[in-house]
Amino acid sequence: MADSVVNAITNTQSTYTSNTTKEATNDLDKEAFLQMLVTQMQYQDPLNPSDSTQYMSQLAQYSSLEATMNISSTIEQGNGLNLVGQYVIMNTTDAAGNSQMISGLVQYATVKDGEVLLSINDSYYPASDLDSVVDYDYYLYLNGLAEDGKLNEDGTVTDGSESSSEEEKTEEV
């Protein structure tokens, strides 16, 4: 029954496509920026040294980059911590490498080694495995449909008109 509810949610979600994918990027991080600055200072022409204001400008850019990355990390952690009490679907990979969907209410969240871990059904899952956040009332609605037999295993909703028309035919005979 819970699988059909998760299937209904993921099938609804699959009708929409996302343009955001996680790809390896060649963007410079703060370590690469600092390394370039040190290399530039190390190999400058001793007869024509660079202006010190250029270095100050580059150090200011480095500080700005580091602050932006720290803010981004804090916001990301805050988003994970705000999931407490929400019904979520996690797309996880088990020890054997099989992908599986786990759903449930987030009981609490914790940060360990800079990574947000969500406690769902008394197990920890990294927030990076988050697939969907579902309104709990909507989940209860789908769960009610599943209990009434109106929600198929593939997540589609049966309107019940086929079974009622068959019952009418039986009563007429």
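- Of the N and O atoms on the side chains of Thr93 and Asn98, not one donor lies less than 3.5 Å from an acceptor on the other residue.
- Placement of Tyr108 and Tyr125 in two distinct hydrophobic clusters is found when ILVMFWY residues are connected by side-chain heavy-atom separations under 4.5 Å, directly or transitively.
- A distance of 6.5 Å separates CG of Asp131 from CD1 of Ile89, quoted to the nearest 0.5 Å.
- Nearest heavy-atom pair across Thr110 and Leu81 is N-CD2, 4.3 Å.
- The distance from atom CD of Glu76 to atom OG of Ser128, rounded to the nearest 0.5 Å, is 8.5 Å.
- Placement of Leu140 and Tyr87 within a single hydrophobic cluster is found when ILVMFWY residues are connected by side-chain heavy-atom separations under 4.5 Å, directly or transitively.
- A distance-only check finds no donor-acceptor pair linking the side chain of Asp113 to the backbone of Glu115 [under 3.5 Å].
- Ser73 places no side-chain N or O within donor-acceptor distance of the main-chain N or O of Met69, the cut-off being under 3.5 Å.
- Two different hydrophobic clusters hold Tyr124 and Leu83 under the rule that ILVMFWY side chains link at heavy-atom gaps under 4.5 Å.
- In this structure, the side chains of Tyr141 and Leu145 come closer than 4.5 Å at one or more pairs of heavy atoms.
- Note: the hydrophobic cluster containing Val133 also contains Leu118 (ILVMFWY, side chain heavy atoms under 4.5 Å, direct or indirect links).
- The backbone N or O of Ala60 sits nowhere less than 3.5 Å from a side-chain atom of Ser64 that would complete a donor-acceptor pair.
- With hydrogens and angles ignored, the 3.5 Å screen pairs a side-chain donor or acceptor of Gln107 with a backbone N or O of Asp122.
- Between Val84 and Ala109, the shortest heavy-atom contact is CG2-N, 3.7 Å.
- Looking at Thr74, its side chain does come within 3.5 Å of a backbone N or O of Asn70 through a donor-acceptor pair.
- Put simply, the side chain of Asn91 does not reach to within 4.5 Å of the side chain of Asp129, judged on heavy atoms.
- Atom OG of Ser99 sits about 8.5 Å away from atom CG of Asp94, to the nearest 0.5 Å.
- For the residue pair Leu117 and Lys112, the shortest heavy atom distance occurs at CD1-CB, 4.1 Å.
- Side chains of Ile120 and Leu105 form no contact here, defined as non-hydrogen atoms less than 4.5 Å apart.
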